[in-house]
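Every chain is numbered from 1, with letters handed out A, B, ... down the list of sequences.
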Amino acid sequence: VSTLTLLIKCLCRLKKVDLGFSVLGITYKYGLHPSTHMLTALLHGLCMEGSMVAAMELFQEIVEKELPFNEFTYNTIINGFCKEGQIDKALNLFQDMIKCGVTPDIVTYNTLIHGLWKFGNREEAKRLLIDMPDCGIAPDVRTYNVVIDALCKEEKTQEAISLFELMMTEKGIEPNVFTFTSLISALCKERKTTEALDLMEMMTNRGLRPDVVTYSSLIYGLCRSGQWSEVNNLLDKMKEQGVALDIVTFSTLMDALCKVRRMKEALAVFDLMTQRGIRPDIVTYSSLLRGLCHSGYLKETSKVFDKMVSQNIHPNIVTLTGLLDAYSERGMIDMARKIFDEMLQHGEKPSTITYNAMIKGYCLQGKIDKAKEIFEQMEARGVLPD
RNA sequence: UAAUUCGGGAAUAG
């Protein structure tokens, strides 16, 4: 059974959850009983691909057929609903688990606090934070990370740093790589790159090794501040430490080069990543296409666009809005409009940002009547102006 | 126990 569980986990990671279910069938065929572990792995697979309806069906089947379940089972499905923003369902399951005599653990609390905070129910999140010690559960480093990161995302970096200090000095909890990376990323977004680099030094002094995420966050910030020599230092350090660049690192570098119009280098980064066997994704392509078009590499733009489609990566609203704006900035308002109309035809609903870009385009051309027309369409289609 | 919870990249304006 543990071998088959391992197989299911591998299949789920390859996004072949349906094959995972075949393995479950095989388990029965051999007269074996699926373990909690195995069922949780399947449930996790469904949750990760966002199939919460199927996940809930599986969960109910487990309960009804009296298959084994435990806190891992509950935590997995609660996390699935939290990720989808269906916090009410997550909270119902939380009540359920208590009723079934499964005791919520630190993972349950961390999951719910994260979900509640992320989807705007901060009061409820704080209530859980206050309640957890009464249930005999002490917040751990991950609990702090959830709150620290939430504060960072609300641009309350100083509060996040205060909490970080309190966690270490008063609670005696050691920060981990995630804690530092959240803070470093927030500081980078505020262009406080010196403080961010100081934190990296602090983490290494505490015996923590920055990983690819930490480095990528710093590279992002340093690029935005134009500290290119520092970027090179970090790239050297990554090499020295044996930390491989990944798709995000490459895309971050490439995007930064695009933004300062160093297109030759941007293309070189793009080539390098493909040479290293990293497949560009929709983010990489959106960034490159906008950059190429903006800098006037119009032939390259169409070439790359076709290449993207041929790799079965389809432009989304961000890709198209980026291109729309880039064409309009080059004065090619008709091309911009063409993209806009095609979005509507293909059922891709333009967002507020798309409308803003289109309106801006017409305004720059002095075509105020056209801009007004778009504005009216926007209201008619129920897209809110900001 | 390779089972469940935390961190990084793309669009307008700012």
Side-chain angles (χ1 to χ4, degrees), chain A residues 2 5-6 8-10 12-13 35-45 47-48 70-80 82-83 105-115 117-118 140-150 152-153 175-186 188-189 210-221 223 246-256 258-259 280-291 294 315-326 328-329 350-361 386:
Chain A
S2 57
T5 301
L6 191 57
I8 288 180
K9 275 192 245 175
C10 292
C12 288
R13 217 191 305 166
S35 62
T36 320
H37 196 151
M38 177 185 279
L39 294 165
T40 306
L42 264 179
L43 197 59
H44 187 237
C47 290
M48 288 302 101
N70 60 13
E71 64 275 23
F72 285 83
T73 323
Y74 269 104
N75 290 341
T76 301
I77 190 151
I78 286 175
N79 181 45
C82 282
K83 289 269 143 58
D105 61 8
I106 182 74
V107 176
T108 323
Y109 279 94
N110 289 345
T111 307
L112 281 169
I113 291 165
H114 187 219
W117 207 303
K118 184 170 172 190
D140 67 358
V141 61
R142 295 179 192 215
T143 321
Y144 278 92
N145 288 349
V146 167
V147 181
I148 286 172
D149 189 62
C152 285
K153 300 232 156 71
N176 63 16
V177 178
F178 283 61
T179 326
F180 279 101
T181 304
S182 285
L183 291 169
I184 285 172
S185 170
C188 283
K189 293 216 160 85
D211 65 11
V212 64
V213 180
T214 320
Y215 281 112
S216 300
S217 307
L218 274 162
I219 288 171
Y220 174 81
C223 285
D246 69 5
I247 186 167
V248 176
T249 328
F250 277 114
S251 301
T252 303
L253 278 167
M254 196 200 69
D255 183 64
C258 285
K259 288 203 161 83
D281 64 8
I282 189 62
V283 175
T284 321
Y285 275 113
S286 301
S287 161
L288 180 60
L289 284 167
R290 182 185 141 284
H294 210 133
N316 62 22
I317 187 161
V318 177
T319 324
L320 296 172
T321 306
L323 272 174
L324 183 158
D325 184 59
S328 107
E329 291 250 334
S351 68
T352 302
I353 296 178
T354 316
Y355 280 101
N356 289 347
M358 198 65 241
I359 290 169
K360 181 189 89 171
D386 64 1

- Using a cut-off of 4.0 Å between protein heavy atoms and nucleotide atoms, how would you tag nucleotides 9-14 of chain B 5' to 3' with B, S and -? BBBBS-

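An aromatic stacking contact between A/F72 and the base of B/rU4 is absent, as defined here by ring centres under 5.5 Å apart and ring planes under 30° from parallel.
The nearest whole Å value for the distance from the NE2 atom in A/H114 to the C1' atom in B/rG7 is 9 Å. Between the P atom of B/rA3 and the CG atom of A/N79 lies a distance of 15 Å, rounded to the nearest Å. Between the CG atom of A/L39 and the C1' atom of B/rU4 there is a distance of 14 Å, given to the nearest Å. The distance between atom NZ of A/K9 and atom C1' of B/rU4, rounded to the nearest whole Å, is 11 Å. Rounded to whole angstrom, the span from the CG atom of A/N145 across to the P atom of B/rG8 amounts to 12 Å. Protein atom NZ of A/K118 is 12 Å distant from nucleotide atom C1' of B/rG7, rounded to whole Å. One atom, CG of A/D105, and another, C1' of B/rA3, lie 13 Å apart when rounded to the nearest Å. The nearest whole Å value for the distance from the CG atom in A/D140 to the C1' atom in B/rU4 is 13 Å.
RNA chain B forms no stem, meaning no run of 3 or more consecutive Watson-Crick or G-U wobble pairs whose two key distances fall under 3.5 Å.
Although no hydrogens or angles enter the test, the distance criterion places no donor-acceptor pair under 3.5 Å between the side chain of A/T181 and the main chain of A/F178. In terms of modelled atom types and a separation under 3.5 Å, the side chain of A/S185 and the main chain of A/S182 share no donor-acceptor contact. A donor-acceptor contact shorter than 3.5 Å links the side chain of A/S286 to the backbone of A/I282.
Counting any heavy atom pair closer than 4.0 Å across all strands shown, A/S217 reaches sugar-phosphate atoms only and no base atom. The residue A/S216 sits close to a base: some heavy atom pair falls under 4.0 Å. Contacts of A/L6 with the nucleic acid, taken as non-hydrogen atoms under 4.0 Å apart, include base atoms. A/V177 comes within contact range of at least one nucleobase, with a heavy-atom separation under 4.0 Å. A/V212 comes within contact range of at least one nucleobase, with a heavy-atom separation under 4.0 Å. Residue A/T5 is classed as having no contact, given no heavy-atom separation below 4.0 Å to the nucleic acid.
Residues A/K360 and A/E329 form a side-chain contact, since some pair of their non-hydrogen atoms from C-beta on lies under 4.5 Å apart. Between A/K83 and A/C47 the shortest side-chain heavy-atom distance does not fall below 4.5 Å.
Using a 3.5 Å distance cut-off with no hydrogens or angles, the side chains of A/T252 and A/D255 do not pair a donor with an acceptor. At a cut-off of 3.5 Å, with distance as the only test, no side-chain donor of A/N79 or A/T76 sits close to an acceptor on the other residue. Side-chain contact annotation: A/S2 with A/T5, donor-acceptor N/O pair under 3.5 Å absent. Side-chain contact of A/N110 with A/N145: a donor-acceptor pair under 3.5 Å is absent, judged by distance alone.
With hydrogens and angles ignored, no donor-acceptor pair closer than 3.5 Å exists between the side chain of A/S182 and the base of B/rG8. In terms of polar N and O atoms assigned as donor or acceptor, the side chain of A/H37 comes within less than 3.5 Å of the base of B/rU1 in a complementary pairing. Not a single donor-acceptor pair, N or O on each side, falls under 3.5 Å between the base of B/rG7 and the side chain of A/N176.
Pairing each heavy atom of A/P280 with each of A/Y285, the nearest pair is CB-CE1, 3.7 Å.
Closest approach to the A/V146 side chain among B/rU4, B/rC6, B/rG7 is made by B/rC6 (side chain taken as heavy atoms from C-beta onward).
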